[in-house]
Protein chains: 2
Amino acid sequence: MPASPAAPGSTALGEPRSEAGRRRAGRPVGGVLDKAGITAAALELIEKKGYVGLTMAALARSLNVAPSALYNHMESKRDVLLLVEDHLAALVDVSAFGSEPWEEAVRKWAWSYRDVFSRHTPLIPVIAVLPVTDAPQTLAMYETVSVGFRDAGIPEERIVSSIVALESFIFGSAYDVTAPADIFDSGSMAEATPSFTGAVRSLAAQGHERPADVAFSLGLEALIAGLGALRE
Amino acid sequence: MPASPAAPGSTALGEPRSEAGRRRAGRPVGGVLDKAGITAAALELIEKKGYVGLTMAALARSLNVAPSALYNHMESKRDVLLLVEDHLAALVDVSAFGSEPWEEAVRKWAWSYRDVFSRHTPLIPVIAVLPVTDAPQTLAMYETVSVGFRDAGIPEERIVSSIVALESFIFGSAYDVTAPADIFDSGSMAEATPSFTGAVRSLAAQGHERPADVAFSLGLEALIAGLGALRE
DNA sequence: CCACTAAATGAATGCCATTCATTTATGAGA
DNA sequence: TCTCATAAATGAATGGCATTCATTTAGTGG
């Protein structure tokens, strides 16, 4: 017989019932507070402590709950990451599709997409392999983008490949944003790599504030031009 | 007084001395067996058990050594990953630079780069933020590519940004290769996302063996064309 | 009022990277 | 040949982690 449990009123989860349970018992709807609450707590934790601080124990603590309680609502930590990912997908700006020329819409989408995930790079390995079924907001983003591509005249068989190509570039570029400024400092090997060292110096001499932005712009414009050329 | 140690002859490390120690004592050179041995063992472990199986304990075991012994040679597990990364960089095919037209050289380099790292995606977050000083083989690759870009007439200030743009695309694409085949199956949300679902079906109808290759080719050719257009 | 069940609990479990005081073994110099 | 310095190996911690499980709590429909 374990020790007496915490006061029941002290728990904060608003809608602590599984889908199945809710359906069977016909509860007062909701369904939001549960996943929404976990997502909000996870996001706050990530903001304050970063992804290193996002542990099941810390998450439970910030929800005033025992770690094991989380497993009544999620199968694993991966599910928490999925929740966060899907929330972020809704922050990506797809508004220009339908209201602006395709090139401009892609540009805004891509910059926004990269900016959102550059602050959440630990999610990238998760997203990249994530079946879209598990992430409704992400799927909604794909739908909007897809309509935009179709309306712009991209042949239907190429739409998915084009999106994937852009997304791959975006994910890779999100990492760049977080790279240290001196990442290309060749140090003691400088004499052995004159061409590369010269190129690094030459870029540095331009004095760009965010070198990652230059590379991103360069690649993005090339992709937009190249993919746009395939329109009918 | 701890128990008696293992028989000394049973350890396998060939050159167990730090740089400093070797320098000071003027040992018979070598220096290879240490890092090379660890790298080889790590690679074998990764091949057999994947990155989940690459633990310090497992690595030590495959070297017939106690886990703590590894810390006489490496600061942390990250150093092991670095060693592996740098070894892989040497496998990337840069041979076409200097012997073939720029476009073709970039193509071969990019495909080879993607293929190598698609089997080592857990390293991508490490590489993306890795100061090149710590990875001589990686730096050597950059040098070769850089010379190729310069000889092709890419303006010096743009060389690094062009390489970064390509690399970002390559890293992102490496993840794609590992994605499950049904990643874009919209499942029960299909009716809600007609355009995307149609695009997915349309791509599937083409019957490509490896859809990731289609997207990679599409993006890569766009990048080559776009970056190539900036040559002087 | 009872039976059912979702949800919460805390105490494991097992894995992990990393640290540390201690011991072993080897080469250099006397 | 002996001695000393030191690199390297050892095993026993440490602390953190995700996850599991038997048990208890509390709310709902009958």
Side-chain angles (χ1 to χ4, degrees), chain A residues 1-31 33-35 37-38 42 45 49 51-61 63-81 122, chain B residues 1-31 33-35 37-38 42 45 49 51-61 63-81 122:
Chain A
M1 43 178 111
S4 67
S10 73
T11 64
L13 233 42
E15 176 40 336
R17 260 190 155 86
S18 78
E19 302 263 355
R22 227 178 296 120
R23 224 180 294 117
R24 212 173 316 167
R27 297 294 300 304
V29 209
L33 217 45
D34 199 357
K35 290 191 174 179
I38 293 179
L45 208 47
K49 315 266 185 174
Y51 278 85
V52 203
L54 180 63
T55 68
M56 295 301 269
L59 185 57
R61 225 170 73 82
L63 286 163
N64 295 315
V65 143
S68 52
L70 291 171
Y71 290 87
N72 287 322
H73 305 276
M74 330 239 49
E75 291 244 318
S76 69
K77 182 176 179 180
R78 186 167 193 276
D79 290 1
V80 176
L81 296 179
Chain B
M1 49 180 107
S4 65
S10 71
T11 65
L13 233 40
E15 175 42 334
R17 259 187 157 88
S18 78
E19 302 261 355
R22 226 178 296 121
R23 223 179 298 117
R24 212 172 317 167
R27 299 291 303 302
V29 209
L33 216 44
D34 199 357
K35 290 191 175 179
I38 293 180
L45 207 48
K49 315 265 185 174
Y51 278 85
V52 203
L54 180 63
T55 67
M56 294 302 269
L59 185 58
R61 226 172 72 81
L63 287 163
N64 295 316
V65 144
S68 52
L70 292 171
Y71 290 87
N72 288 321
H73 305 276
M74 330 239 50
E75 291 244 317
S76 69
K77 183 177 179 179
R78 186 167 192 275
D79 289 2
V80 177
L81 296 179

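Proteins get letters first, then strands, A, B, ... in listed order; numbering begins at 1 in each.
The phosphate of D:dA9 (OP1 or OP2) has a side-chain N or O of B:H73 nearer than 4.0 angstrom.
From A:I38, atom CD1 reaches atom NE2 of A:H73 across 6.0 Å, with rounding to the nearest 0.5 Å.
Between B:M74 atom CE and D:dA9 atom P there is a gap of 13 Å when expressed in whole angstrom units. Protein atom CG of B:L59 is 12 Å distant from nucleotide atom P of C:dT18, rounded to whole Å.
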At a cut-off of 3.5 Å, list every protein nitrogen or oxygen paired with a nitrogen or oxygen from nucleotides 14-17 of chain C, distance to 0.1 Å.
{"from": "C:dA17", "atom 1": "OP1", "to": "B:M56", "atom 2": "N", "distance (Å)": "3.2"}
{"from": "C:dA17", "atom 1": "OP1", "to": "B:K77", "atom 2": "NZ", "distance (Å)": "3.1"}
{"from": "C:dA17", "atom 1": "OP2", "to": "B:M56", "atom 2": "N", "distance (Å)": "3.0"}

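Between D:dG11, C:dT9, C:dT18, one nucleotide has an atom nearer to the side chain of B:A66 than all others, and that is D:dG11.
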Verdict with reasoning, B:K77 to B:L59, per side-chain contact (heavy atoms from CB on, under 4.5 Å): CA-CA 10 Å; B:K77 183 177 179 179; B:L59 185 58; over 6 Å; no
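In this view, A:A58 and A:L45, A:T55 satisfy the side-chain contact (heavy atoms from CB on, under 4.5 Å) rule, not counting sequence neighbours. Contacts of A:A60 classified as side-chain contact (heavy atoms from CB on, under 4.5 Å), with partners at least two apart in sequence or in another chain: A:V65, A:P67, A:L70. Scanning for side-chain contact (heavy atoms from CB on, under 4.5 Å) contacts around B:S76 gives B:R78, B:D79, with sequence neighbours left out.
In this structure, A:R78 and B:A69 both approach DNA chain D, and ranking their closest nucleotides by distance from the 5' end singles out B:A69.
Residues B:A42 and B:V80 approach most closely at CB-CG1, 4.0 Å, considering heavy atoms.
For A:N72 against C:dA6, a side-chain-to-base donor-acceptor contact under 3.5 Å is absent.
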